[in-house]
Amino acid sequence: MPFDGEYSRRHLQNSDLPTARMRLFDDLLSNGYYTTRLFIGTPPQEFALIVDTGSTVTYVPCSGCEKCGKHQDPRFQPELSSTYQPVKCNPSCNCDDAAKQCTYERRYAEMSSSSGVIAEDVISFGNESELKPQRAAFGCENVETGDLYSQRADGIMGLGRGRLSIFDQLVGKDVISDSFSLCYGGMDVGGGAMVLGAISPPHGMVFSHSDPYRSPYYNIELKELQVAGKPLKLKPKVFDGKHGTVLDSGTTYAYFPEAAFHALKDAITKEIHHLKQIPGPDPNYHDICFSGAGREVSHLSKIFPEVNMVFGNDQKLSLSPENYLFRNGNDPTTLLGGIVVRNTLVTYDRENDKIGFWKTNCSELWKRLQVPSVPASAPVFSPSGNRSQEMPPVQAPSRMPHFHPGEIRIGIISFDMLISVNNSHTKPNFTEVAEFIAHELEVDNLQVHMLNFTSKGNNYLVKWAILPADSADYISNTTAMKIILQLSEHRLHFPERFGSYKLVEWKIEPQKKRTWWQQHFLVVAAGVVVTLVISLLSVGLWLVWRRRQQKAVGMYEPVGAVVPEQELQPL
């Protein structure tokens, strides 16, 4: 469903209070989460934080942390911020051993944890935000364990309900409305957008009641599941256990009670019985996998059935195959993670105790929100400890392709890039790198494709391809020459957080010539159709003429005429 540009201009700014419009990065396939950019301190220090509606506190690693992993950005350095202030010990918080500063501790279901001290500083939301920087409390980590230690993202941005939630702090100051929206990109794109503050719901958005008193988590009233239009034989109370049906943006997958999972699995499997069932990629998990569906995401809806979630008010949210759900053993909670809301604008209207869903292209939505184009990665400047250093140019590849403008029509420009990261446990964020390449080469994001990559230690050899724009069959000579010069002269200013890069090899592939059949297929097909239509019309007209002739002469032989004997047909 296309996102109307006029809607974005008129309605996303309808409130008297400002909004913070923020871009989302990463994706579920490569990372398992989505991040946004938050800036803390004066001057601002940049952090990539996981957007998490299931958490309250926002935290980043502190410079003095001895048990924190290596992440995307340098740790927060309080000594470099002129506006940093620790939150002193008081009766409303837990205190450190010296009884001087407030502390926090968070433990998660996957057995990871974060703990540290609480401080206050100026929080900035990026250059696309109407909301001015605000003072807020956040966590300065001293200890990380589990996935939090090894993840690439720097920390968590908690959007849940709670006194330490940055969103609650902003609402409490009356600087934004009590509503925010998230829009996660699709299976093959990623990225998306986030808006802190109220927006007008687009036409067609479906809502479910959300009860803030039942649970600290954002919940919805799910009463029924349908597969291919047929309801599953489940009682509504199966979705009403424990915390009810929880919506958690920080969780990758969705988890159902066992009875609901088996009913959903059997119904979907029944609809795709022609596909071969195969073992999953990880033998430790009994995944249900199929082969023969192809690789194109756009074709999946032709093979797999549509799943509908029906809310308590009978409004319905349709789930495409990229939103399908996964199992959660014997836990009675129904937990809907990020996979369920891919390419869906989700509005958490806390003021009116409801959550809205609207299917749209979330990657395109961010483009509609941009003013005027690609946002800057950080506001104005950063401290010396966070400043990116340009990589010195490396020697160009020795084998250069021969190319003369106008000689050929260019179909693909491909190149191999060797990326070296600082930490062998930190995988490059290929989604961000692709967007960076598109920005540097001044092409559309959808024109940059990662074909494959191999890794060894800290090094990743990645093959990229630049394709023609959607509206073109080939890359123009002007654009091609511009791209080639930038690549050959190493003009890509690689950000420090990506590591360093070296261009290994690149080549040009001409536009593939179409065969005679590809060029004339439509003409031939039209000719065949016209011939068939004319033939059928001719046969029909002949039959009508013959019937009229029979009626004119008489359909019966005269009495006494000799006719062949015929067998009577049974009724």
Exercise. Counting distance only, does the side-chain N/O of Thr56 pair as donor-acceptor with the main-chain N or O of Gly158 below 3.5 Å?
Worked result: no
Exercise. Any chance the side chains of Thr145 and Ser113 put a donor and an acceptor closer than 3.5 Å?
Worked result: yes
Exercise. Does the pair Cys65/Cys68 show an SG-SG distance of less than 2.5 angstrom?
Worked result: yes
For this session: Determine whether Leu159 and Val51 make a side-chain contact, defined as any pair of heavy atoms from C-beta on separated by less than 4.5 Å.
Result: yes
Exercise. Out of Asp121, Ile123, Val122, which one pairs with Pro133 under the side chain to side chain contact (heavy atoms under 4.5 Å, CB included) rule?
Worked result: Val122
Exercise. So does Glu271 pair up with Lys230, basic N to acidic O under 4.0 Å?
Worked result: yes
Problem set entry | Glu130 side chain to Thr19 side chain, donor-acceptor N/O pair below 3.5 angstrom | yes
For this session: State whether Lys235 and Glu224 are salt-bridged, where the test is any N-O pair (Lys NZ or Arg NE/NH1/NH2 against Asp/Glu carboxylate O) under 4.0 Å.
Result: no
For this session: Kindly state whether the ring of Phe125 and the ring of Phe39 have centres lying under 6.0 angstrom apart.
Result: no
Exercise. Just by distance, do the side chain of Gln277 and the backbone of Leu275 share a donor-acceptor pair under 3.5 Å?
Worked result: no
Problem set entry | Worked check of salt bridge (Lys or Arg N to Asp or Glu O under 4.0 Å) between Lys354 and Asp211 | CA-CA 8 Å; Lys354 61 182 182 179; Asp211 186 355; over 6 Å; no
For this session: I would like to know whether Ser92 and Asn90 meet side-chain hydrogen bond (donor to acceptor under 3.5 Å, both in side chains); could you show each step before the answer?
Result: CA-CA 6 Å; Ser92 63; Asn90 63 75; 2.4 Å; yes
Exercise. Taking it one step at a time, do Phe25 and Tyr34 satisfy ring pair (Phe, Tyr, Trp, His ring centres under 6.0 Å)?
Worked result: CA-CA 6 Å; Phe25 300 89; Tyr34 291 85; over 10 Å; no
For this session: Carefully, step by step, assess Ser114 and Tyr108 under the rule side-chain hydrogen bond (donor to acceptor under 3.5 Å, both in side chains).
Result: CA-CA 9 Å; Ser114 170; Tyr108 298 93; over 6 Å; no
Exercise. Do Glu351 and Ser179 have side-chain N/O donor and acceptor atoms under 3.5 Å apart?
Worked result: no
Problem set entry | Criterion side-chain contact (heavy atoms from CB on, under 4.5 Å) on Tyr218 and Asp248, from CA distance to verdict | CA-CA 7 Å; Tyr218 297 109; Asp248 183 4; over 6 Å; no
For this session: Taking Asp96 for its side chain and Lys100 for its backbone only, find out whether a donor-acceptor pair lies under 3.5 Å.
Result: yes
Exercise. Is the shortest side-chain N to carboxylate O distance from Lys223 to Asp314 below 4.0 Å?
Worked result: yes
For this session: Evaluate salt bridge (Lys or Arg N to Asp or Glu O under 4.0 Å) for Arg23 paired with Glu435, printing each intermediate quantity in order.
Result: CA-CA 12 Å; Arg23 187 174 184 180; Glu435 291 177 349; 3.1 Å; yes
Problem set entry | Thr347 and Ser181: CA distance, side-chain angles, deciding distance, side-chain hydrogen bond (donor to acceptor under 3.5 Å, both in side chains) verdict | CA-CA 4 Å; Thr347 295; Ser181 300; 3.0 Å; yes
For this session: Determine yes or no for a side-chain-to-main-chain donor-acceptor pair under 3.5 angstrom, with Thr245 supplying the side chain and Glu221 the backbone.
Result: no
For this session: Give a yes or no answer on whether the side chain of Trp358 reaches the backbone of Thr344 with a donor-acceptor pair at less than 3.5 Å.
Result: no
Seminar exercise, completed: Per side chain to side chain contact (heavy atoms under 4.5 Å, CB included), Met157 is matched among Thr58, Thr53, Val57 by Thr58
Exercise. Is the NZ atom of Lys270 crowded by more than 12 outside heavy atoms at less than 6.0 Å?
Worked result: no
Problem set entry | Ser318-Asn308 side chain donor-acceptor pair, cut-off 3.5 Å | yes
Exercise. Atom CG in Leu49, atom CE in Met22: separation rounded to 0.5 Å?
Worked result: 8.0 Å
Exercise. With a 4.5 Å heavy-atom cut-off, do Leu319 and Met309 have their side chains touching?
Worked result: yes
Exercise. Is a donor on one side and an acceptor on the other found under 3.5 Å between the side chain of Ser129 and the backbone of Leu131?
Worked result: yes
Exercise. So does Tyr217 have more than 12 non-hydrogen atoms from other groups sitting under 6.0 Å from OH?
Worked result: no
Exercise. Between Cys102 and Cys93, is the SG gap short of 2.5 Å?
Worked result: yes
Exercise. Does Glu432 come within less than 4.0 Å of Arg37, counting only side-chain N to carboxylate O?
Worked result: yes
Seminar exercise, completed: With Phe311 as partner, the option from Phe357, Phe239, Phe207 fulfilling ring-ring contact (aromatic ring centres under 6.0 Å, His included) is Phe357
For this session: Using a strict cut-off of less than 4.0 Å between a Lys/Arg side-chain nitrogen and an Asp/Glu carboxylate oxygen, indicate whether Asp154 and Lys70 qualify as a salt bridge.
Result: no
Exercise. Is any side-chain heavy atom of Thr83 less than 4.5 Å from a side-chain heavy atom of Arg135?
Worked result: yes
Exercise. Does atom CZ of Arg214 have more than 12 heavy-atom neighbours, drawn from other residues, nucleotides or ligands, at distances under 6.0 Å?
Worked result: yes
For this session: May I ask you to decide if Cys362's main-chain N or O and Asn343's side chain share a donor-acceptor pair within less than 3.5 Å?
Result: yes
For this session: Would you confirm whether His71, through its side chain, and Gln151, through its main-chain N or O, come within 3.5 Å as a donor-acceptor pair?
Result: yes
Exercise. Which of parallel (below 30°), tilted (30 to 60°) and perpendicular (above 60°) describes Phe138 and Tyr84?
Worked result: perpendicular
